[in-house]
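Convention: sequence-line order gives letters A, B, ...; per-chain numbering from 1.
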Amino acid sequence: MQKKIRVRFAPSPTGGLHLGGVRTALYNYLFARHHQGDFILRIEDTDQNRYVAGAEQYIQDCLEWCGIAPDESPAAGGPYGPYRQSERKALYRRYAEKLLEDGHAYTAFDTPAELEEMRIKYKTDENPSPQYNAALRKKMRNSESLSAAEVTDLLDKQTPYVIRIKMPDNEEIRFTDMIRGTISFNTSQVDDKVLLKADGMPTYHLAVVVDDYLMKITHAFRGEEWLSSSPVHILLWKYLGWEAEMPQWAHLPLILKPDGKGKLSKRDGERLGFPVFAMDWKDPATGELTRGFRERGFLPEAFINMLALLGWNDGSAQEIFTKEELTEKFSIDRVHKAGAKFNYEKAKWFNHEWIKRSSDEWIAGKLMDILNERKISAPKALAVKVAGLIKERCVFLEELWPNSHFFFETPAAYDLDAIRAKWNEEKKALFVDWIGRSGAITEWSAPELEKDFKDLAAARNIKPGDALMPLRIMLAGSKTGPGVFDIAALIGKEETIKRIQSTIGSL
RNA sequence: GCCGCGUUGGUCAAUCGGUUAAGACGCAUCCCUUUCACGGAUGAAUGAGGGGUUCGAUUCCCCUACGCGGUACCA
């Protein structure tokens with residue numbers, strides 16, 4: 001019997017949830033569901049300095065909005081809690097101490113200032129970033145360089161210290177990444193990472209290993225930026241004696257800025273005018289508001305569809321997938337290796353597709369919400385018909401109202417200038433004549449109205465096309481929208497006559 | 001600097017040694033529609049460079065270039 005698949009999304013609650021974060025969460029979710037496994041949310045809040053109030057709740061809300069809520073989380077609980085690393089603080093020390101006992105870690109007393117000094121002192125053109133490693137640790141203040149008596153003395157005096165991993169001097173570490181295949185590192189290239197900080201909190205490196213072990217994580221997905229510290233994690237799994245249970249790793253490609261280079265950042269969104277966060281995020285310290293996809297009018301279905309395809313595809317030409325289809329088809333070995341530049345135009349296309357594919361009933365529901373807010377009453381049946389007429393011209397939900405208001409209320413303004421340009425007495429007579437005989441129109445439907453109007457125009461020697469635009473403006477206020485006669489049919493005879501009369505009067 | 005990872009049209013990308021190198025977004029032209037949008041058709045546009053391996057390389061290997069990531073008591 002195969003071990004149950006368990007994956008986790010482990011964000012740091014330092015602010016809004018970035019596109020890339022949501023995609024990592026999504027891939028976790030999809031992978032878990034595909035294999036009938038568990039999806040866990042673990043909050044990595046080991047850095048008190050970066051803690052931001054509300055960020056954790058925000059992350060939860062984002063996942064829920066996206067429809068990828070975790071099975072186990074700080075909010076939902078679960079058998080492997082707590083799911084907040086700050087609440088697991090006491091737990092990490094004993095593993096750090098075990099490492100100490102086994103000689104795989106050591107205590108270091110260097111102050112931040114001393115570390116800074118070291119980096120300057122040993123900095124050369126060939127080596128601009130000197131590392132705290134086998135070559136240098138004997139020159140620093142730690143249990144490797146100091147005598148046992150000195151260390152004991154320092155400890156007795158309550159000197160702050162950290163615990164660092166003792167990286168082997170020249171060892172080859174290799175592992176298989178599910179996306180990239182075999183990866184190898186030489187340990188001499190990685191430094192003695194701090195495992196336990198002076199405040200007693202673990203660093204990411206220790207916490208991720210301990211928690212993944214304790215929470216029985218089978219597959220670990222994370223951003224590519226973690227690839228270079230993976231040898232530390234691999235070694236930790238080995239030193240702690242858990243090698244057999246080490247999860248399979250998958251380092252996801254990064255989401256890049258559309259122009260230029262580098263990781264997509266919040267700033268790029270502001271600069272280029274598109275959202276980067278899943279939902280609106282208000283920084284509690286500065287009050288600064290960063291817009292999100294949700295508030296911009298994205299459907300969660302479109303949002304996750306777009307994200308899923310940014311770095312993954314099923315090998316076919318299909319691009320529109322429901323969450324269920326994604327769950328069924330998702331496989332980690334079809335994740336692209338290279339980073340992908342984010343393309344907002346394509347993101348909008350996904351949303352447009354989802355709106356077009358939404359049922360008229362569903363769109364009508366959104367329309368009814370808007371009408372309620374505006375204290376306008378209208379029958380649901382009308383909203384359903386309107387929805388069918390306007391949904392293909394809405395990229396965002398926000399465009400529903402501008403594209404449909406004239407069905408529910410008399411336009412407040414008309415583009416009169418557009419009528420005046422080609423207006424004359426003959427045309428005026430046509431409209432007057434038409435509304436005058438409208439009583440004779442037995443069936444108030446679009447095809448009937450169209451036939452009647454065009455026949456009359458022809459009889460009066462006016463090209464129907466020349467009269468259509470004025471009619472449209474009289475009914476909808478502006479030059480764009482669904483078919484004129486569809487509008488007339490839906491707003492009814494009385495309202496049609498009223499709008500034509502009042503516009504003619506204003507000309 | 002060093003280490004790691006990557007590189008198919010402007011962008012997302014298929015191809016897992018043999019194709020006229022798919023498809024999508026965007027763009028252009030046309031059709032439909034006497035509006036806008038939708039829809040349809042067509043078009044421009046791609047294997048970073050150099051070496052190998054092979055009967056045959058976009059595909060495998062090496063080098064170079066370029067890009068990205070890392071090089072914190074941040075994650």
*Identify, with sequence neighbours excluded, every residue that meets salt bridge (charged side-chain N to carboxylate O under 4.0 Å, His left out) alongside A:Lys257.*
A:Asp268

_Involving RNA chain B, stems made of at least three consecutive Watson-Crick or G-U pairs, both distances under 3.5 Å_ = B:1-7 with B:65-71, B:10-12 with B:23-25, B:27-31 with B:39-43, B:48-52 with B:60-64

_Pairing residues for A:Asp199 by the salt bridge (charged side-chain N to carboxylate O under 4.0 Å, His left out) criterion, not counting sequence neighbours_ = none

*asked:* I'd like to check the side-chain hydrogen bond (donor to acceptor under 3.5 Å, both in side chains) partners of A:Ser228; sequence neighbours left out, ordered by chain and number.
replied: none

*Close approaches to RNA chain B from residues 163-183 of chain A, in residue order (heavy atom, under 4.0 Å)*: A:Arg164, A:Arg180, A:Ile183

_Pairs touching residues 120-131 of chain A that satisfy salt bridge (charged side-chain N to carboxylate O under 4.0 Å, His left out), sequence neighbours left out_ = none

Pairs under 3.5 Å (N/O, protein and nucleotides 9-15 of chain B):
{"unit_1": "B:rC12", "atom_1": "OP1", "unit_2": "A:Lys341", "atom_2": "N", "d": "2.9"}
{"unit_1": "B:rA13", "atom_1": "OP1", "unit_2": "A:Gly311", "atom_2": "N", "d": "3.0"}
{"unit_1": "B:rA13", "atom_1": "O3'", "unit_2": "A:Asn313", "atom_2": "ND2", "d": "3.0"}
{"unit_1": "B:rA14", "atom_1": "OP1", "unit_2": "A:Asn313", "atom_2": "ND2", "d": "3.1"}
{"unit_1": "B:rA14", "atom_1": "O3'", "unit_2": "A:Arg334", "atom_2": "NH2", "d": "3.4"}
{"unit_1": "B:rU15", "atom_1": "OP1", "unit_2": "A:Arg334", "atom_2": "NH1", "d": "3.1"}
{"unit_1": "B:rU15", "atom_1": "OP1", "unit_2": "A:Arg334", "atom_2": "NH2", "d": "3.4"}

_Results of side-chain hydrogen bond (donor to acceptor under 3.5 Å, both in side chains) for A:Lys422 - residues two or more places apart only_ = none

*Over how many whole Å does the gap from A:Leu252 atom CG to B:rG6 atom C1' extend?*
14 Å

*Quick one: which of A:Trp237, A:Tyr239, A:Tyr95 gives a ring pair (Phe, Tyr, Trp, His ring centres under 6.0 Å) with A:His104?*
A:Tyr239

*Partners meeting side-chain contact (heavy atoms from CB on, under 4.5 Å) with A:Val22 (sequence neighbours left out)*: A:Leu17, A:Cys66, A:Ala278, A:Phe303, A:Leu307

*asked:* I'd like to compare against my own output: the B/S/- annotation of nucleotides 62-67 of chain B with a strict under-4.0 Å heavy-atom distance to protein.
replied: -----S

*For A:Arg84, which residues count as a salt bridge (charged side-chain N to carboxylate O under 4.0 Å, His left out) partner, sequence neighbours excluded?*
A:Glu56, A:Glu87

*Base, backbone or nothing for each nucleotide of nucleotides 27-45 of chain B, written B, S, -, heavy atoms under 4.0 angstrom, 5' to 3'?*
-------BBBBSS------

